[in-house]
**Q** 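Could you have a look at this structure, given as structure tokens, before my questions?
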Amino acid sequence: MTIFDSVKKQKVLFEPIKKGEASIYVCGPTVYDDAHLGHARSALSFDLLVRTLRALRYKVTLAKNFTDVDDKIIKKIRETGKTLEEITTHYIARYKDEMEQLHILPSDIEPKATESIEAMSSMIQRLIGSGYAYQIEGGDVYFDSSRDSAYGSISHKVPDDDESRSRIDHVEGKKNPKDFALWKAAKADEEIAFESPFGSGRPGWHIECSAMIEKHFEGSDEYSIDIHGGGADLLFPHHENEAAQSRCASGHELAKYWMHNGFVQIDGEKMSKSLGNSFFLKDALAAYDGEILRFYLNSVHYRNDFNFNEEDLLAAKKRLDKLYRLKKRITPGGASAVKKEFRQKLLEAMSDDLNISIALAVIDEMVASANEGLDADPKNKGLKKETVANIEFIDELLGFGGMDPFEYFQLGIEPEVKEKIEELIARRTEAKKAKDFAAADAIREELTAMGIAIMDTAEGTLWEKS
RNA sequence: GGUGCCAUCGCCAAGCGGUAAGGCCGCAGCCUGCAAAGCUGCUAUCCCCGGUUCAAAUCCGGGUGGCACCUCCA
């Protein structure tokens, strides 16, 4: 397996700390609002990583956190009058539900910031004790970036100290503009506060990942975990800061490999709230099945920017449709073994830094060749069984193709409508028998107007939502 | 102002020095009562200009255009 390490800026061979195992930590969402397409893409990217490593027989442990204390959540508390817990449990539940709809495998560990206060405060205390952090008037604790000679080695950024140009917050008392908060002291009117040896307050954003990784993973003398991942925007400052504090607190590097997924854009621009062009996952899921969204969002290599638009989504759907049409031809039917060559080619593609484009091309070839075989010999049992197994493998490795093919093509059709369709098709079959083609065509037109496409096959007339 | 990334057929998208994968769309054909589906065939020399090399979409230099990070952000 090779992966692109965004710190080394090149593809490298994945050689885990512990042979045969892979520890992965992905930065999860801050739960103050519904997930957007960017959250989906990030989760989808790392889901592909996890599935590929598992198919390669690695024992994978995936941790993805929920940031459930932070300024934006506090703002939400003030706006809504709800409690922190009400807000965070609501959005965590929604996040999990939506990720499940995208066929994302659940994380093995789901740490929450509020459940890791002790781990954080102990790490902060160690940093203060060894002189890597300092407390300023008012109680905030800052990391002293000047004490970490390796600061900058993750993002390769040398923050511009000229504050007139950089956009780093200027805070009174900070020794250095790039120093960042480990602990924010509670103001008098703030009710969200945790006790710590250095006063009442709440953790800074970066410290949670470092502390949680330390808490949940054993690591080695050199690294805490194998892979640390997240969106491209997290490389700096988030991951740089995590790496710095972990390095100074533990004496070794945080992660052996760093992976970052590209952005989802709308009309060629980054999707973000400030631009007013963010797209909630829930809205996309209301219009399209999770599997279709998954297929579309995963159809572009994870490191590239992804320009979301409905036209491309529909083109991607048609590609998925072809897989399901093939599945229709072999359903119902049992499975034999996956075609060795197919399995190997798919794994080979995914093992090369998750080259999904090659993987999809391999699938297209398999679909075409199976269709060709079935055209030549519709009763080829061996081919049918092998194809069933092949599609099962696709579902295992890439997370699509697992639905019932008939249901797939009838997604979103109400039962009453289904009845009506079946009835029309029955009438058309009668008309065809009577060679009344005008009547048969009229019924087909009626179905077309309903958005239903029909196809006459040896097994009778099949229909799809068009 | 600093630092990166990207630019391949109408659209999406692989390619990582050896002579352009795949999908969508389109066209022609087979099949079909007609369709649809499926199958077969057809459709690019890689933003521009230099350079290195026997050989470059792939490496180097210079342009042009787009995007991102340096502020919360997946």
**Q** Hunt down the Watson-Crick or G-U wobble partner of U58(B), both distances under 3.5 Å, from any strand shown, or write none.
**A** none
**Q** Hey, is the side chain of Asn355(A) poking within less than 4.0 Å of OP1 or OP2 on A14(B), counting only N and O atoms?
**A** no
**Q** Take atom NE2 of His156(A) and atom P of C5(B), then tell me their distance rounded to the nearest Å.
**A** 10 Å
**Q** Expressed in angstrom and rounded to an integer, what is the separation of Lys72(A) atom NZ from U71(B) atom C1'?
**A** 11 Å
**Q** Take atom P in A44(B) and the same atom in G23(B), then report the distance between them in whole Å.
**A** 15 Å
**Q** Side-chain N or O of Arg325(A) versus OP1/OP2 of G38(B): is the shortest distance under 4.0 Å?
**A** yes
**Q** Atom CG of Asp312(A) to atom P of G10(B): distance rounded to whole Å?
**A** 15 Å
**Q** Rounded off to whole Å, could you give me the CZ-to-C1' distance for the Phe180(A) and C70(B) pair?
**A** 15 Å
**Q** Given the structure, check if the side chain of Asp456(A) and the base of C34(B) hold any donor-acceptor pair shorter than 3.5 Å.
**A** yes
**Q** For residues Tyr142(A) and Phe180(A), establish whether the separation of their ring centroids is below 6.0 Å.
**A** no
**Q** Let's test this: given Watson-Crick or G-U wobble pairing with both distances under 3.5 Å, identify the partner of C67(B).
**A** G4(B)
**Q** Can you tell me whether the side chain of His36(A) and the base of A74(B) have a donor-acceptor pair closer than 3.5 Å?
**A** yes
**Q** Strictly by Watson-Crick or wobble contacts shorter than 3.5 Å, is anything paired with G26(B), and which nucleotide is it?
**A** C42(B)
**Q** With a 4.5 Å limit on heavy-atom distance, are the side chains of His206(A) and Phe143(A) in contact?
**A** no
**Q** Nearest to the side chain of Arg428(A), heavy atoms from C-beta on, is which of C34(B), A36(B), C70(B)?
**A** C34(B)
**Q** Work out how far the C1' atom of U52(B) is from that of G4(B), and round it to whole angstrom.
**A** 26 Å
**Q** For G26(B) and A57(B), measure between their P atoms and round to the nearest Å.
**A** 32 Å
**Q** Using a 4.0 Å heavy-atom cut-off, write out nucleotides 21-28 of chain B from 5' to 3' as B (base contacted by protein), S (sugar-phosphate only) or - (no contact).
**A** BBSSS---
**Q** With a non-hydrogen cut-off below 4.0 angstrom, is Asp441(A) in contact with a base, only sugar-phosphate, or nothing?
**A** base
**Q** Does the side chain of Asn304(A) get closer than 4.0 angstrom to OP1 or OP2 of A14(B) through an N or O atom?
**A** yes
**Q** Tell me the interatomic distance from Asp305(A), atom CG, to A74(B), atom C1', rounded to whole angstroms.
**A** 12 Å
**Q** For Asn371(A), which contact category applies under a 4.0 Å heavy-atom criterion: base, sugar-phosphate, or nothing?
**A** sugar-phosphate
**Q** Quick check: Tyr95(A) with Phe66(A) (ring centres under 6.0 Å apart)?
**A** yes
**Q** Can you tell me the distance, in whole Å, between the CG atom of Asn261(A) and the C1' atom of A68(B)?
**A** 13 Å
**Q** Tell me what Gln265(A) touches on the nucleic acid: a base, only sugar-phosphate, or nothing, going by heavy atoms under 4.0 Å.
**A** sugar-phosphate
**Q** For C69(B) and C54(B), measure between their C1' atoms and round to the nearest Å.
**A** 42 Å
**Q** I need the full list of salt bridge (charged side-chain N to carboxylate O under 4.0 Å, His left out) pairs touching residues 368-377 of chain A, with sequence neighbours left out, sorted by first then second residue.
**A** Arg329(A)-Asp375(A)
**Q** Name the atoms and distances for all side-chain donor-acceptor pairs under 3.5 Å in residues 355-364 of chain A, with sequence neighbours left out.
**A**
residue	atom	partner	partner atom	Å
Asn355(A)	OD1	Ser357(A)	N	3.3
Asn355(A)	OD1	Ile358(A)	N	3.1
Asp364(A)	OD2	Arg319(A)	NE	2.9
Asp364(A)	OD2	Arg319(A)	NH2	2.6

**Q** Here's a test of your reading of the structure: between Glu464(A) and Pro29(A), which maps to the more 5' nucleotide of RNA chain B?
**A** Glu464(A)
**Q** Determine the minimum heavy-atom distance between Ile225(A) and His228(A), stating which atoms define it.
**A** CD1-CB, 3.9 Å
**Q** Could you check whether Asp71(A) pairs with Lys75(A) (Lys NZ or Arg NE/NH1/NH2 to Asp/Glu carboxylate O, under 4.0 Å)?
**A** no
**Q** Rounding to the closest angstrom, what is the interatomic distance between C60(B) and U53(B) at atom P?
**A** 16 Å
**Q** Nearest whole Å is fine: how far is G2(B) P from Lys178(A) NZ?
**A** 18 Å
**Q** Pick the C1' atom in C49(B) and in U64(B), then give their distance to the nearest Å.
**A** 11 Å
**Q** Is a salt bridge present between Lys96(A) and Glu100(A), judged by a nitrogen-to-oxygen distance below 4.0 Å?
**A** no
**Q** NA contact type, His301(A), heavy-atom cut-off 4.0 Å: base, sugar-phosphate, or nothing?
**A** sugar-phosphate
**Q** Pro237(A) side chain: which of A68(B), C70(B), A35(B) is closest?
**A** C70(B)
**Q** When all nucleic acid strands are considered with a 4.0 Å heavy-atom cut-off, which category describes Gly231(A): base, sugar-phosphate, or nothing?
**A** sugar-phosphate
**Q** Given the structure, check if the side chain of Arg444(A) and the base of A35(B) hold any donor-acceptor pair shorter than 3.5 Å.
**A** yes
**Q** Answer with base, sugar-phosphate or nothing: what part of the nucleic acid does Ile454(A) contact at a heavy-atom distance below 4.0 Å?
**A** base
**Q** Please give, in whole Å, the distance from A14(B) C1' to Glu348(A) CD?
**A** 15 Å
**Q** Nearest to the side chain of His39(A), which nucleotide is it out of G33(B), A74(B), C67(B)?
**A** A74(B)
**Q** When the C1' atoms of U3(B) and C27(B) are considered, how many whole Å apart are they?
**A** 48 Å
**Q** So Ala35(A), base contact, sugar-phosphate only, or nothing? Heavy-atom distance under 4.0 Å.
**A** nothing
**Q** Using atom types as modelled and distance alone, determine if a side-chain donor or acceptor of Arg202(A) lies under 3.5 Å from a backbone N or O of Ala193(A).
**A** no
**Q** Specify whether His260(A) and Trp258(A) have parallel, tilted or perpendicular ring planes, treating 30° as the upper limit for parallel and 60° as the lower limit for perpendicular.
**A** parallel
**Q** Which sits closer to the 5' end of RNA chain B, Lys11(A) or Asn307(A), going by the nucleotide each is nearest to?
**A** Asn307(A)
**Q** Checking all strands, does Arg329(A) fall into the base, sugar-phosphate, or nothing category for heavy-atom contacts under 4.0 angstrom?
**A** sugar-phosphate
